[in-house]
A.B. asks: 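Provided herewith is a single structure, encoded as structure tokens, for subsequent inquiry.
Counting from 1, the numbers follow the sequence of the chain as shown. Whatever order the structure lists ligands and atoms in, that order sets their numbers, starting from 1.
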Amino acid sequence: MDSLIALDIGGTKIGWGIVEISVHSNLRISECGSIPTLAQRGGADVAQRICALVSELVSQYPHSQGVAIASAGVVDPRTGVIVSATNTMPGWGSTELADLISKNVHLTVRVLNDVHAHGLGEARLGAGRDHNSTLSIAVGTGIGGALVNNGNVYYGSHFLAGHVGHIHHHFAQGQQCSCGRSGHIEAICSGSGITTWYNARLEEEHNYDASWEGPVANGRELQERADAGAPLAKKCFVESGFALGEAIASLANSLDPAIIVLSGSMTRSGQLWWDAVRGGYDGCAMDGVANTPVVHGDLGDDAPLLGAALNFLRR
Ligand SMILES: [Zn+2]
């Protein structure tokens, strides 16, 4: 059986998996693990440890045919170069990732942006597998997406396509976004964004009940507060989900995918959030896309690894 070494390089951890390819071209992850990214040490240090990890995996799995990578940052999939990256991965931009690794292990290395890989995985092997076009949106620490049409990711002219988090919404007015602009949905709909938004509103809206509400450290804490019935926490979740639903409907109105697949930590926020997303979608979607399914992803953390493997195999 053929196999590939697959990596998913994120700001917090670097996941790896051995993807086995059966005679019918079915993909299966047989072994997996992760190491911390330690992004603050800088791009060169991260790249060096990735090379060491791949060397170790090649010696453990000597029959691997290649290295398939999903990476944070804007990626040129033709060259495997990281075009640019945000401050969550300082110095990661301009890393010639595919060349660095292939020189080290003498295997073909192919790189795709992690959100594009995630979308490709869900579209071909996950929730979108029975549809010819999938809009995949990951709502986690940040928000990213991918439009996959007939099995092909739309990259855009600058490989930037899918930056769904940087759509404007009036609820986000005045909120600073990770990209440096303000008013983008990532600032209120991502896990980190909703946390900052809630804490800021606690300061602004002094009429909250301090026995219910108080600053939170992350989206999970905020959700626990909302589930317990804290009014401002619930209001934040509902408004955040509603804004996201309206943004998704705007994308559906303009792109008309056959299915919309949501994944990431915020999608585990419970029914309150999902109902709010649905409410925002229903109010904003045009008649033709009103019944487009909006569903939860099937593949979880496997999606970017499988997507990276599909990207490797298709060329
Ligand atoms: Zn932004």
A.B. asks: Quick one: do Leu38 and Ile9 end up in the same hydrophobic cluster if we chain Ile, Leu, Val, Met, Phe, Trp and Tyr together by side-chain heavy atoms under 4.5 Å apart?
C.D. replies: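 In one cluster: no.
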A.B. asks: Which is it for Glu239 and Arg201 under the salt bridge (Lys or Arg N to Asp or Glu O under 4.0 Å) test, yes or no, and what are the steps along the way?
C.D. replies: CA-CA 12 Å; Glu239 291 180 0; Arg201 289 173 74 171; 2.9 Å; yes
A.B. asks: Do you know which two heavy atoms are closest between Val216 and Thr195, and how far apart they sit?
C.D. replies: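 Taking Val216 first and Thr195 second, the nearest heavy atoms are O-CG2, 3.6 Å.
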A.B. asks: With no hydrogens and no angle check, is any side-chain donor or acceptor of Trp274 less than 3.5 Å from a backbone partner on Thr267?
C.D. replies: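 At least one qualifying donor-acceptor pair exists.
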A.B. asks: Leaving waters out, which protein N, O or S atoms fall under 2.8 Å from the Zn ion (ligand 1)?
C.D. replies: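 Protein N, O or S atoms closer than 2.8 Å to the Zn ion (ligand 1): His166 ND1, Cys177 SG, Cys179 SG, His184 ND1.
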A.B. asks: Knowing that exactly one of Leu147, Ile143, Ile248 qualifies, which makes a side-chain contact (heavy atoms from CB on, under 4.5 Å) with Val164?
C.D. replies: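 Of all the options given, the one that passes is Ile143.
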A.B. asks: Where the side chain of Ser263 meets the backbone of Ala138, is there a donor-acceptor pair that is under 3.5 Å apart?
C.D. replies: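 Here the side-chain-to-backbone pair does not exist.
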